[in-house]
Amino acid sequence: MQRALSVSRVTGNRGTFPDWYQAVVREADMAEVSPTRGAMIIKPWGYGVWERIQQTLDRRIRESGHDNCYFPLFIPLSFFAKEAEHVEGFAKEMAVVTHHRLKLIDGKLQPDPEARLEEPLIVRPTSETIIGDAFSRWIRSHRDLPVLINQWANVVRWEMRTRLFLRTSEFLWQEGHTAHADAEDARTETLKILEMYREFAESVLAMPVIAGEKPENERFPGADNTYSIEAMMQDGKALQAGTSHYLGTSFAKAQNIRFQDEEGQLSYCHTTSWGVSTRLIGGVIMTHGDDDGLRLPPAIAPRQIVIVPMLRDKPEDAQVLEYGQALVKALQEKFALGEPIRALLDTKAQRSADKRWNWVRRGAPIIVELGPRDAAGGQVTFMRRDALRDGDKVKSQAMAREAFIEAAPALLAEIQQALYDEAKARLDSNIRSDIATFDELAEYFGAAPADEDEGGVFKGWVRAAWSRLTGAELEAVEEHLKALKLTLRNVPMDQPETFGACIFTGKPGVEEILIGRAY
RNA sequence: CGGAGUGUAGCUCAGUCUGGUAGAGCACCGUGUUCGGGACGCGGGGGUCGCAGGUUCGAAUCCUGCCACUCCGACCA
């Protein structure tokens, strides 16, 4: 590990990176495991983050011409049979509804055999099939195109092993689905969305990513091309944070999505689909969290400035509260990052010290402590969550009330930028491009010291030239990589002019690809 | 589904080997002293010891079966 990430300050114990992650999810009040296998309960603070993600991304989706709509949670089984690759990709993780009634049989409540469904229903793992079916009815003429829609929904994928936010059997996401008259239009859409995701991840989540195309074997089932944004977590692993697929005409053919062009000819549409999920929240935690808990970028913090009044059950409490209420009101009238500041006066009946640390753990960007001295002197004492400590000491600063109110918008923007800069520096300095052969790759990633259970050794990624392998050759390489727990992440969009030899075959390289361990 | 490990209070865990009737710290409730850097004293509430059988006078502890979770594989946004 490049950085000592223990769970010491959060739980009082040392542990691995996954232990730390779970501790932060719990201590920051983000989510908890539910009685339902593999599914999570997203708590108010965590859901608040998701709502911020929804609001900011939804605006971008709308501004780029897409409309929201809603399709059913259940999809008839037969819909999946239409696209062979697609069904194969998802068949192993589908939840199936087979009955519509329960009955007491031998004292046990169970599905009533008489209430078996004629055709089983699938709880959607993704909605290409049912949306494509609608497209086939909606689209008749080239004048109907393009169709640009999006839905915010929950989906279910029956995963073997789950982890809060990163992989849960049910998760929340948005899925965009579009249909176009030709390949060029659809490809443009696919890349436009990829760029939208990149910009969103970097400017809203403060999470630097690398946008690129997935190699053949990592494609979405049924897609012609799959693009992703990949983020680097603090243990050096990659997190696929968003995907955008060009589906060609395969779904259109499977579902008969056709239109008449200007000449009266019938043609198949070219379709795309794209999505980001609650996994983004896991990415935010593993990008910005520290030993004190979560650090939230102000753009997605449900509360950006939290004011903790130092109350002591004394007469001057009233003045402190009054002073705090006025401060919240003044802050709410200010705009930061394009929106009214989200400020809160925490009046919960709890020790001030506890409240303060709870907000530290939850990652509120600015935590203000207001005491009688502040109220009397017209000043504000606060700490920045992005730079909480100076050594072991908590760093706080004081400002005149008016100056603080004026400075708040810029301060929040500065925190947003600081979190991004920190993550960006980590990403940039941990991609090695001086590894040219498979042996070197194996040596670099393989030499993991025995303290693997201390969270592993931070290795980051390798960026190397390759000859865009496909088919059996690609599979063979993947097998070798698997032994090292490595995967091909993506081929970054920005590529140099010339390339070295392929890291796997020694043949002339045609592009550069990212290699790393992944979630 | 394969390999390993773990299930005891909200959390972290001790107790299990060697059977004797449920513990600690933190959290929670009451109270007093405190309070501007994760307070302290006193008092208190909370657990069918993962579930089901079995052995035994007696089971958290021994035996059998099952379930769940964690980590490593396989799968994946």
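Here is how names work: the chains are called A, B, and so on, in the same order as the sequence lines, proteins then strands, and each is numbered from 1.
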If the [atom1] atom of [N] is compared with that of [M], how far apart are they to the nearest Å?
N      : M      : atom1 : value
G25(B) : C66(B) : P     : 39 Å
G23(B) : C49(B) : C1'   : 11 Å
C11(B) : C69(B) : C1'   : 16 Å
A22(B) : G50(B) : P     : 15 Å
C29(B) : C13(B) : C1'   : 23 Å
U12(B) : C71(B) : P     : 13 Å
C63(B) : C75(B) : C1'   : 37 Å
U21(B) : U61(B) : P     : 14 Å

Subject >> Donor-acceptor pair, side chain of Arg124(A) and main chain of Phe71(A), under 3.5 angstrom >> reply: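 Yes, because the side chain of Arg124(A) sits within donor-acceptor range (under 3.5 Å) of the backbone of Phe71(A).
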Original post:
So, the side chain of Arg279(A) versus the backbone of Gln240(A): is there a donor-acceptor pair under 3.5 Å, distance only?
Top reply: yes
Watson-Crick/G-U partner (both atom distances under 3.5 Å) of [N]:
N      : value
C28(B) : G44(B)
C75(B) : none
C69(B) : G5(B)
G19(B) : none
G38(B) : none
C62(B) : G54(B)

Is it true that [X] and [Y] make a salt bridge, defined as a side-chain N closer than 4.0 Å to a carboxylate O?
X         : Y         : value
Arg303(A) : Asp346(A) : no
Asp290(A) : Arg385(A) : yes
Glu195(A) : Lys192(A) : no

Subject >> Touch class at under 4.0 angstrom, heavy-atom based, for Gly275(A) against every strand present >> reply: nothing
Original post:
Contact class for Thr126(A) (heavy atom, under 4.0 Å): base, sugar-phosphate, or nothing?
Top reply: nothing
[N] [atom2] sits how many Å from [X] [atom1], rounded?
X         : N      : atom1 : atom2 : answer
Met383(A) : G36(B) : CE    : C1'   : 11 Å
Phe382(A) : G36(B) : CZ    : C1'   : 15 Å
Arg362(A) : G38(B) : CZ    : P     : 19 Å

Subject >> Heavy-atom check, side chain of Leu474(A) versus side chain of Leu488(A), under 4.5 Å >> reply: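 Answer yes - side chains close enough.
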**OP:** List in chain and number order the residues that pass salt bridge (Lys or Arg N to Asp or Glu O under 4.0 Å) with Arg489(A), two or more places apart in sequence or in another chain; answer none if no residue qualifies.
**Re:** Glu230(A)
Original post:
Given the rule in the side chain to side chain contact (heavy atoms under 4.5 Å, CB included) test, do Trp173(A) and Val276(A) qualify, once you have shown the distances and angles that lead to the verdict?
Top reply: CA-CA 6 Å; Trp173(A) 77 346; Val276(A) 298; over 6 Å; no
Original post:
Relative to each other, are the rings of His245(A) and Phe220(A) parallel, tilted or perpendicular (30° and 60° limits)?
Top reply: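 Plane angle under 30°, so parallel.
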Subject >> Pair Phe90(A) and Phe80(A), ring centroids less than 6.0 Å apart >> reply: no
**OP:** Let me have a per-nucleotide readout for nucleotides 70-77 of chain B, 5' to 3', with B, S or -, counting only protein heavy atoms under 4.0 Å.
**Re:** S-BBBBBB
Measure all distances between protein nitrogen or oxygen atoms and nitrogen or oxygen atoms of nucleotides 25-35 of chain B, and list the pairs falling under 3.5 Å.
{"residue": "C35(B)", "atom": "N4", "partner": "Arg312(A)", "partner atom": "O", "Å": "3.1"}

